[in-house]
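See below for the structure under consideration.
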Amino acid sequence: MSTTVGVIGGGQLARMLIPAAVNLGIDLRVLAEADGMSAGLAASMVGDYRDFDTVLAFAETVDVITFDHEHVPQSVLRELVARGVTVRPGPEALVFAQDKIEMRRRLGELGLPVPDWAAVENPTELAAFIAEHGGRAVVKTPRGGYDGKGVRVVTHKHEVDDWFTALAEDANGGALLVEEHVPYTRELAQLVARRPSGQVAVWPVVETVQRDGVCAEVIAPAPLSSGRLAAVAADIATRVAEGIGVCGVMAVELFQTTDERLLINELAMRPHNSGHWSIEGSTTSQFEQHLRAVLDLPLGATTPRDEWSVMVNILGGPAEGTLFDRYPAAFAAHPSAKVHNYGKDPRIGRKVGHVTVGGADLDDVAYEARATAAIFQD
Ligand code: ADP
C-alpha cells in the first residue's frame, strides 16, 4: 500500500504537488473547494474546508493532511489533531501564517528582525502610531489578506475606518496591524523546508518583483546575494522554522532596507510562488521537498541546476482564447522556456500560469522568460 497525502485546497499549488507525488509513487488526494479547480485531476472530494465533518471525512482517507492555502480555521485543525489526525504544518505553527499580529508578536519574542509594529483598535491609537513614524504607516487586516488585498498605506487615522467598523461588528473583536512604512530597496524571499524530526533545508534567497501587490517575477538566486546577505536570509528562515516548529515548506518574505537590513514581512506555510523556479531550477523542487517534509523523509539537495533561473507569472492570460492557443507561437520562439498552465479560466490579474527559464547569463534568461510570458497575455 502506498502512502497517501491529503491536500486541503484545489489551487495551483496542490496541482503542482501532483507530478512530484506521481514520481515518488505517493497517492495524492485533494479536497477541492469546487468542481473544475486547478488541482481537479487529483480531487478525491469536493467540499467546504471550514466544515469540520467534511474535513474529517477527507482526513480519514489519508495518512497526513497538508495544505494549498492557510485558510482552514484553527478550530477545525485543533479538533482534527485531537482526533489523532496528522496535520502538517500543525495548527500551533500555522496560526503564524494565518494571523499577522500573532506572527509579529512571536517573531519579536524569537528576537527576529521585523518592522516596527503595533496592534491598534481605533483611529486614535492609529493616529499616535502614524505621528511617531513620520506621518505615514502601513495598515493590514491581520487575517484573510492576500496579493496586497488587506494592505493600505495611510497618512491619516480615518483611512481604514471601514476596517475598524468591520472589526467592531466581528464577534471575535480584535485589532488591526499597523507597521512602519519600511524604506526598502527590494523584496526577497527565503524558502526553507523542515521535517518534524528536525532536519532543515534552504534554497538560495531569491528576489521577488511585485506589481500591483501581486508577484510578477522571481530571480533565483537574488542578484548580488552571493555572500553574507544569503547567509543572513538563510539564518533568519531557519530560526523561524525551528522557532515555531514548521513542518513542510515555508516562504519567509523579506524586505531589504536602504540601510542593508533584512526585515521579515510575511510567512507562507506551504509551497510558494517564490519557489516555482525550483521545479526546473533546483535538484529538489519545493513540491517534492514539501512531500518529503510532511512525510518526515530525509530532505533532498537544494542545489541550483543553473546559475540563474527567472520565473515570470502569466497574469490574466490572453484576452481571447486559451493559453493553449498561444503554445505554437511561444514554443517556436522560445524552445528553452518551460511553460506551466494551471488550467484556470483567464481573468484580469489572475495567476493562470508561469514560465521559467534557466541559464548562465541573467540578461538572456530574464529576456527569454519575460518574452515567453508576454505571448500569453494581452
Ligand atoms: P499580502 O498578505 O496581501 O501578500 P503583504 O503584507 O505581503 O500582503 O503586503 C503586500 C505588499 O505591500 C508587499 O509586497 C509590499 O510591497 C507592501 N508592504 C507591505 N508591508 C509594508 C511595509 N511595512 N512597508 C512598506 N511596504 C509594505
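Just follow the structure's listing: the first ligand is 1, and inside any ligand the first atom is 1. This chain uses plain numbering: 1 for the first residue, then up along the sequence. Only heavy atoms go into these numbers, but all of them, side chains included; no hydrogens, no water, no symmetry mates.
- No side-chain heavy atom of Asp361 sits under 4.5 Å from any side-chain heavy atom of Trp308.
- Listed by atom number, the atoms of ligand 1 under 4.0 Å from Glu180 heavy atoms are 22 (C), 23 (N), 24 (N).
- The Tyr184 neighbourhood of ligand 1 comprises atoms 15 (C), 16 (O), 25 (C), 26 (N), with distances under 4.0 Å to a heavy atom of that residue.
- In this structure Arg305 satisfies the salt bridge (charged side-chain N to carboxylate O under 4.0 Å, His left out) test with no other residue, sequence neighbours excluded.
- Every atom of ligand 1 with a heavy atom of Glu253 under 4.0 Å away is listed here by number and element: 7 (O).
- Remark: Arg152 is positioned above the aromatic ring of Trp163, its terminal NZ or CZ atom under 6.0 angstrom from the ring centre and at most 45 degrees off the axis.
- In terms of N/O distances under 3.5 Å, ligand 1 is approached by Lys100.
- Polar contact check, Val138 against ligand 1: no nitrogen or oxygen pair lies under 3.5 Å apart.
- With contacts defined as side-chain heavy-atom distances shorter than 4.5 Å, the pair Leu31/Val55 qualifies.
- Those atoms of ligand 1 that come under 4.0 Å of a heavy atom in Lys140, given as number and element, are 6 (O), 19 (C), 20 (N).
- Between the Thr283 side chain and the Thr303 main chain, a donor and an acceptor come within less than 3.5 Å of each other.
- Contact annotation: for Asn265 versus ligand 1, heavy atoms closer than 4.0 Å belong to the side chain alone.
- When the heavy-atom distances from atom 1 (P) of ligand 1 to Glu187, Arg211, His181, Glu266 are ranked, the shortest goes to Glu266.
- Legend: residues meeting salt bridge (charged side-chain N to carboxylate O under 4.0 Å, His left out) with Glu368, ordered by chain and number and at least two apart, are absent.
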